[in-house]
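If you read the sequence from its start, that first residue is 1, and numbering goes on from there. Keep in mind the model is a prediction, meaning the values are calculated, not measured.
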Amino acid sequence: MITPTVDRTEELAAFLRTRRERLDPRDFGLPSRRQARRTPGLRREEVAELAGVSTDYIVRLEQARGLRPSAEVVEALARALRLAPDERAYLYGLARQHPRTAEKLVTTAAPPLARLVADLAPLPVLLLNHRYDILAWTPAMARLLVDFDTVAPSRRNAMWLCQMHPRVRELYVDRERVVREGIAHLRAAWAAHPDDRALTDLIAEFIAGDADFARLWAERDVKGHGRGSKTLRHPGVGELALRFEVLTPLQDPDQLLVIYRAADEASQAALDRLCAPAATPPA
């Protein structure tokens with residue numbers, strides 16, 4: 001039965017029961033017929049032992065008695081029940097908790113996404129991770145911004161280029177707005193990845209090296225911008241008005257696919273000239 005609104009306590013109880021009952025005791029080294037198991041799956045006391053909580057606590061959770069487990073308990077339950085990533089996220093949502101980011105930080109493009117970026121040519125496209133490291137790009141994007149192959153891998157970061165690269169800094173007509181939007185993303189990423197020392201160091205470098213960045217960072221904006229527009233003044237083809245979309249893959253939520261398109265016919269013509277075979281990427 002589907003009710004008009006979700007009772008999180010009841011749904012949490014039902015979800016824990018169904019996930020416990022689907023487990024095979026043999027996968028945990030437990031005899032499947034010990035003491036004539038009357039129900040499928042693990043017993044409550046077995047889940048309690050695996051999760052490091054009391055059996056009474058599991059009973060009260062499964063009977064929807066209004067408990068709200070802590071993030072630590074939710075994580076212990078997710079491990080004990082061997083939940084898949086999507087199931088783990090669902091359990092955290094039901095418990096009104098936020099998971100800690102314990103996954104390995106993304107530093108390379110997922111192969112399917114790298115192929116997708118290549119397939120999106122001739123559009124200008126970037127694939128970024130949460131700290132805006134550039135993981136993959138199309139030739140059109142290299143011609144539009146900078147030849148990324150000439151940039152040291154440690155500096156191949158969209159915000160670093162916007163802040164520190166002498167030519168890229170001058171591309172954006174409304175550079176403060178671009179920086180402001182990037183800072184809002186970085187602040188949210190910084191909160192979600194508190195153990196990412198590289199991100200913390202990058203932000204510290206920006207604060208120390210750019211007074212405008214330090215001022216905008218102090219405003220503490222965290223609004224994401226998944227869609228918008230930018231105007232670039234390119235030294236080779238003049239001014240371009242561009243629209244962009246930022247897409248987050250479900251399978252790789254820490255990677256961002258940024259797709260640019262011309263906003264008008266004149267800008268499309270400029271992009272076509274820029275990406276013509278005879279053109280060469282800016283150094």
Participant: In terms of hydrophobic clustering (I, L, V, M, F, W, Y; side-chain heavy atoms under 4.5 Å; direct or indirect links), are Val173 and Leu242 co-clustered?
Facilitator: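 No, because Val173 and Leu242 fall into different hydrophobic clusters, even though each may have its own neighbours under 4.5 Å.
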
Participant: Using a 4.5 Å cut-off on heavy atoms from C-beta on, say whether the side chain of Arg273 contacts that of Val237.
Facilitator: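 Answer yes - side chains close enough.
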
Participant: Under a 4.5 Å side-chain heavy-atom rule over Ile, Leu, Val, Met, Phe, Trp and Tyr, are Leu77 and Val59 clustered together?
Facilitator: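 Result: no, two separate clusters.
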
Participant: Got a second to check how far Ile134's CD1 is from Leu161's CG, nearest 0.5 Å?
Facilitator: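 The CD1 atom of Ile134 sits 5.0 Å away from the CG atom of Leu161.
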
Participant: Would you kindly check if the NZ (Lys) or CZ (Arg) of Arg180 is within the cone defined by 45 degrees around the ring axis of Phe213 and under 6.0 Å from the six-membered ring centre?
Facilitator: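 Pair Arg180/Phe213 does not count as cation-pi.
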
Participant: Test Tyr57 against Val73 for side-chain contact (heavy atoms from CB on, under 4.5 Å), laying out the working first.
Facilitator: CA-CA 11 Å; Tyr57 190 84; Val73 170; 3.9 Å; yes

Participant: Just checking, Lys230 and Phe244: is the charged tip under 6.0 Å from the six-membered ring centre and within 45° of the axis?
Facilitator: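 Here Lys230 passes the 6.0 Å and 45° test against Phe244.
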
Participant: Do Val106 and His130 have side chains that get closer than 4.5 Å, going by heavy atoms?
Facilitator: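 When only atoms from C-beta onward are counted, His130 and Val106 do not touch, as no gap falls below 4.5 Å.
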
Participant: For Glu62, is the CD atom crowded, meaning more than 12 foreign heavy atoms sit under 6.0 Å from it?
Facilitator: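 Count over threshold, so yes.
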
Participant: Go through the steps for Trp160 and Phe206 under the test side-chain contact (heavy atoms from CB on, under 4.5 Å), then give the verdict.
Facilitator: CA-CA 8 Å; Trp160 187 90; Phe206 291 157; 3.8 Å; yes

Participant: Within a strict 4.5 Å, meaning less than it, do heavy atoms of the Leu113 and Asp252 side chains meet?
Facilitator: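 The answer is yes; the side chains approach within 4.5 Å.
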
Participant: Between Arg88 and Glu75, does any side-chain N to carboxylate O distance fall below 4.0 Å?
Facilitator: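 Between Glu75 and Arg88 there is a salt bridge, with a charged N closer than 4.0 Å to a carboxylate O.
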
Participant: State, yes or no, whether a side-chain contact exists between Leu81 and Leu16 at a heavy-atom distance under 4.5 Å.
Facilitator: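 Touching, per the 4.5 Å side-chain cut-off.
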
Participant: Do the charged groups of Arg175 and Asp210 touch, with an N to O distance under 4.0 Å?
Facilitator: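 Yes.
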
Participant: Flag the pair Arg233 and Glu170 as a salt bridge only when some basic side-chain nitrogen lies within less than 4.0 angstrom of an acidic carboxylate oxygen.
Facilitator: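 Salt bridge absent between Arg233 and Glu170.
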
Participant: Apply the test side-chain contact (heavy atoms from CB on, under 4.5 Å) to residues Tyr90 and Phe15: give CA-CA distance (whole Å), side-chain angles for both, the deciding distance (0.1 Å), then the verdict.
Facilitator: CA-CA 9 Å; Tyr90 186 63; Phe15 185 68; 3.7 Å; yes

Participant: Whether Glu87 and Arg22 form a salt bridge (side-chain N of Lys/Arg under 4.0 Å from carboxylate O of Asp/Glu) is what I want to check.
Facilitator: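 Yes, charged N to carboxylate O under 4.0 Å.
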
Participant: Go through the steps for Tyr172 and Thr231 under the test side-chain contact (heavy atoms from CB on, under 4.5 Å), then give the verdict.
Facilitator: CA-CA 6 Å; Tyr172 299 101; Thr231 302; over 6 Å; no

Participant: So does Glu21 pair up with Arg17, basic N to acidic O under 4.0 Å?
Facilitator: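 Answer for the salt bridge query: no.
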
Participant: So do the side chains of Asp27 and Arg82 get within less than 4.5 Å of each other, counting heavy atoms only?
Facilitator: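 The answer is yes, as the side chains (C-beta and beyond) meet within the 4.5 Å cut-off.
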
Participant: Report yes if some heavy atom in the side chain of Pro122 is under 4.5 Å from a heavy atom in the side chain of Thr138; otherwise report no.
Facilitator: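 No; the side chains remain at least 4.5 Å from each other.
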
Participant: Under a 4.0 Å threshold between the charged nitrogen and the carboxylate oxygen, would Asp201 count as salt-bridged to Arg197?
Facilitator: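 Yes, charged N to carboxylate O under 4.0 Å.
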
Participant: When you check the gap from the basic side-chain N to the acidic O, do Asp133 and Arg156 get nearer than 4.0 Å?
Facilitator: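 A salt bridge is absent here (no side-chain N lies under 4.0 Å from a carboxylate O).
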
Participant: Using side chain to side chain contact (heavy atoms under 4.5 Å, CB included) as the criterion, point out the one residue from Leu256, Leu116, Leu257 that pairs with Leu247.
Facilitator: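 That would be Leu257.
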
Participant: In terms of side-chain geometry, is the basic nitrogen of Arg155 or Glu205 positioned less than 4.0 Å from the acidic oxygen of its partner?
Facilitator: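 Here Arg155 pairs with Glu205 in a salt bridge, since their nearest N and O are under 4.0 Å apart.
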
Participant: Can you find a heavy atom in the side chain of Arg227 that is under 4.5 Å from one in the side chain of Val246?
Facilitator: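 No. Closest side-chain heavy atoms not under 4.5 Å.
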
Participant: Can you confirm whether Trp190 sits close enough to Leu202 that some side-chain heavy atom of one is under 4.5 Å from a side-chain heavy atom of the other?
Facilitator: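 Side chain of Trp190 against side chain of Leu202, heavy atoms only: no contact under 4.5 Å found.
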
Participant: How far does CZ of Arg131 sit from CG of Asn157, to the nearest 0.5 angstrom?
Facilitator: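 Spacing of CZ (Arg131) from CG (Asn157) equals 8.5 Å.
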
Participant: Decide yes or no on side-chain hydrogen bond (donor to acceptor under 3.5 Å, both in side chains) for Asp264 and Gln268, but give the supporting numbers first.
Facilitator: CA-CA 6 Å; Asp264 52 50; Gln268 184 61 60; over 6 Å; no

